[in-house]
Amino acid sequence: SMPSIMTLSLDFSTQTRLLVGCQSSELYEVALETGDLSLIDSGHSDSRSGLAETWGLSVNPATKNMFATAGDDGSVRIWNCRDNRLKEEIFTNLQAPMRAVDFSPDGYLLAVGFG
């Protein structure tokens, strides 16, 4: 069964997929035309604290196949949708859980909310 959904983001560049972040840190892609569900990755988890929730999710509106996630582990991660791989991990040493992430309309800036 599907874990509790924490965050959603529609890929407006293609309008064919919805990205889903779950409470247990999994990231899924939903193909809107077919309803097919595929696991992208395990997302955020922190073995030190035991926290494993993905709270923030945002598709880059200017760069095709790129999205960002934020979670309890205090990191922001940049992902590549084409091959469902982690591209870069940023803000890895922050001591607070992250609750939100969003790209600016031009895709060059990334805002992060702490909680």
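For this chain, numbers begin at 1 and follow the sequence in order.
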Please report, to 0.1 Å, the donor-acceptor pairs under 3.5 Å made by any side chain of residues 105-115, with sequence neighbours excluded.
{"from": "Asp106", "atom 1": "OD1", "to": "Ser104", "atom 2": "OG", "distance (Å)": "2.5"}
{"from": "Asp106", "atom 1": "OD1", "to": "Tyr108", "atom 2": "N", "distance (Å)": "3.0"}

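- Distance CG/Asp41 to OH/Tyr28: 11.0 Å, rounded to 0.5 Å.
- In terms of the side-chain hydrogen bond (donor to acceptor under 3.5 Å, both in side chains) criterion, Asn60 has no residue partners (sequence neighbours excluded).
- Closest approach of Ala70 to Met98, counting heavy atoms only: CB-CB, 3.6 Å.
- Taking CD of Glu26 as the reference point, atom CD1 of Ile40 lies at 11.5 Å (rounded to 0.5 Å).
- Between Met66 and Asn80 the shortest side-chain heavy-atom distance does not fall below 4.5 Å.
- Side chain of Ser9 to main chain of Val59: a donor-acceptor pair is present (N/O by atom type, distance under 3.5 Å, no hydrogens or angles).
- Thr69 and Trp79 share a donor-acceptor pair across their side chains, judged by distance under 3.5 Å alone.
- Residues passing the salt bridge (Lys or Arg N to Asp or Glu O under 4.0 Å) test with Asp11, sequence neighbours excluded: Arg17.
- Of the possible donor and acceptor atoms, one in the side chain of Ser58 sits under 3.5 Å from a partner among the backbone N and O of Phe103.
- Distance check: Leu39 CG to Leu27 CG gives 8.0 Å after rounding to the nearest 0.5 Å.
- With sequence neighbours left out, the side-chain hydrogen bond (donor to acceptor under 3.5 Å, both in side chains) criterion links Thr16 to Thr14.
- With contacts defined as side-chain heavy-atom distances shorter than 4.5 Å, the pair Val101/Trp55 does not qualify.
- Partners of Leu10 under the side chain to side chain contact (heavy atoms under 4.5 Å, CB included) rule, at least two apart in sequence or in another chain, are Phe12, Leu18, Leu32.
- For Arg99, the salt bridge (Lys or Arg N to Asp or Glu O under 4.0 Å) criterion is met by Asp72, not counting sequence neighbours.
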